[in-house]
Amino acid sequence: MWNEVNENIQERDAEQNIISLVPEQKEQSDTINALIDQVMEDAPTKLKVIVTLCDADWQKMQELHAQWLGQEKRVLEDHHRWQKESWQKQS
């Protein structure tokens with residue numbers, strides 16, 4: 001029985017310790033959130049990214065972009081063809 005009482009006391013002490021930490025944790029979270037908000041607000045004007053590409057990487061990016069444009073052009077042509085056929089069927 002004495003052990004059970006000690007366990008209950010220890011549980012209550014642990015709960016009180018956790019409860020006493022809540023305001024401190026909330027204050028820290030508020031501070032972190034305020035800092036994140038400030039960084040997000042400053043990012044468009046203060047954040048600078050410098051990128052260095054070698055010629056081979058730049059060429060590869062241009063090739064991939066050209067491939068993507070070609071695919072989009074084919075999709076658009078297919079759509080126009082389908083649209084023209086649909087209009088002809090309706091006429």
Side-chain angles (χ1 to χ4, degrees):
M1 185 166 149
W2 182 249
N3 287 338
E4 197 174 309
V5 170
N6 277 337
E7 286 177 13
N8 286 340
I9 291 172
Q10 288 175 350
E11 282 180 23
R12 275 191 235 134
D13 288 345
E15 286 175 4
Q16 287 302 318
N17 287 339
I18 291 171
I19 290 170
S20 68
L21 291 175
V22 168
E24 180 182 334
Q25 295 297 321
K26 183 178 180 336
E27 184 178 317
Q28 288 178 355
S29 291
D30 290 345
T31 301
I32 290 169
N33 286 337
L35 290 172
I36 290 171
D37 290 343
Q38 187 63 49
V39 167
M40 295 302 289
E41 185 177 316
D42 291 344
T45 57
K46 293 185 179 178
L47 182 64
K48 294 182 181 179
V49 177
I50 298 171
V51 178
T52 305
L53 291 175
C54 67
D55 289 340
D57 289 341
W58 181 248
Q59 182 66 31
K60 183 65 176 173
M61 285 177 54
Q62 287 178 326
E63 289 171 6
L64 290 172
H65 184 262
Q67 287 175 5
W68 174 78
L69 278 177
Q71 290 171 352
E72 292 300 308
K73 185 178 177 182
R74 282 189 293 278
V75 168
L76 190 58
E77 288 170 352
D78 289 345
H79 176 71
H80 286 155
R81 189 178 311 110
W82 173 83
Q83 215 174 21
K84 185 177 179 179
E85 290 170 2
S86 294
W87 287 339
Q88 287 175 352
K89 288 178 184 176
Q90 290 176 3
S91 294

Kindly work out whether a path of hydrophobic side-chain contacts (I/L/V/M/F/W/Y, heavy atoms less than 4.5 Å apart) joins Ile32 to Met40.
-> yes

Please name all residues satisfying salt bridge (Lys or Arg N to Asp or Glu O under 4.0 Å) with Asp30, sequence neighbours left out, ordered by chain then number.
-> Lys26

State which residues pass side-chain contact (heavy atoms from CB on, under 4.5 Å) with Asp42; sequence neighbours excluded, sorted by chain then number.
-> Gln38, Lys46

Starting at NZ of Lys89, measure out to OG of Ser91 and round the result to the nearest 0.5 Å.
-> 12.0 Å

Has Asp55 got more than 12 heavy atoms of other residues, nucleotides or ligands less than 6.0 Å from its CG?
-> no

Of all residues at least two apart in sequence or in a different chain, which pass the side-chain contact (heavy atoms from CB on, under 4.5 Å) check with Val51?
-> Val49, Leu53

Between Pro23 and Ser20 the two heavy atoms that sit nearest each other are CD-O, 3.5 Å

Does atom CD of Gln83 have more than 12 heavy-atom neighbours, drawn from other residues, nucleotides or ligands, at distances under 6.0 Å?
-> yes

Can you list the residues that meet the side-chain contact (heavy atoms from CB on, under 4.5 Å) rule with Gln62, with sequence neighbours excluded?
-> Trp58, Gln59

Which pairs pass side-chain hydrogen bond (donor to acceptor under 3.5 Å, both in side chains) with one or both residues in residues 66-80, sequence neighbours excluded?
-> Asp78-Arg81

Please list, chain by chain and in numerical order, all residues satisfying side-chain contact (heavy atoms from CB on, under 4.5 Å) with Glu15, sequence neighbours excluded.
-> none

CG/Leu76 to CG/Leu69 distance, rounded to the nearest 0.5 angstrom?
-> 11.5 Å

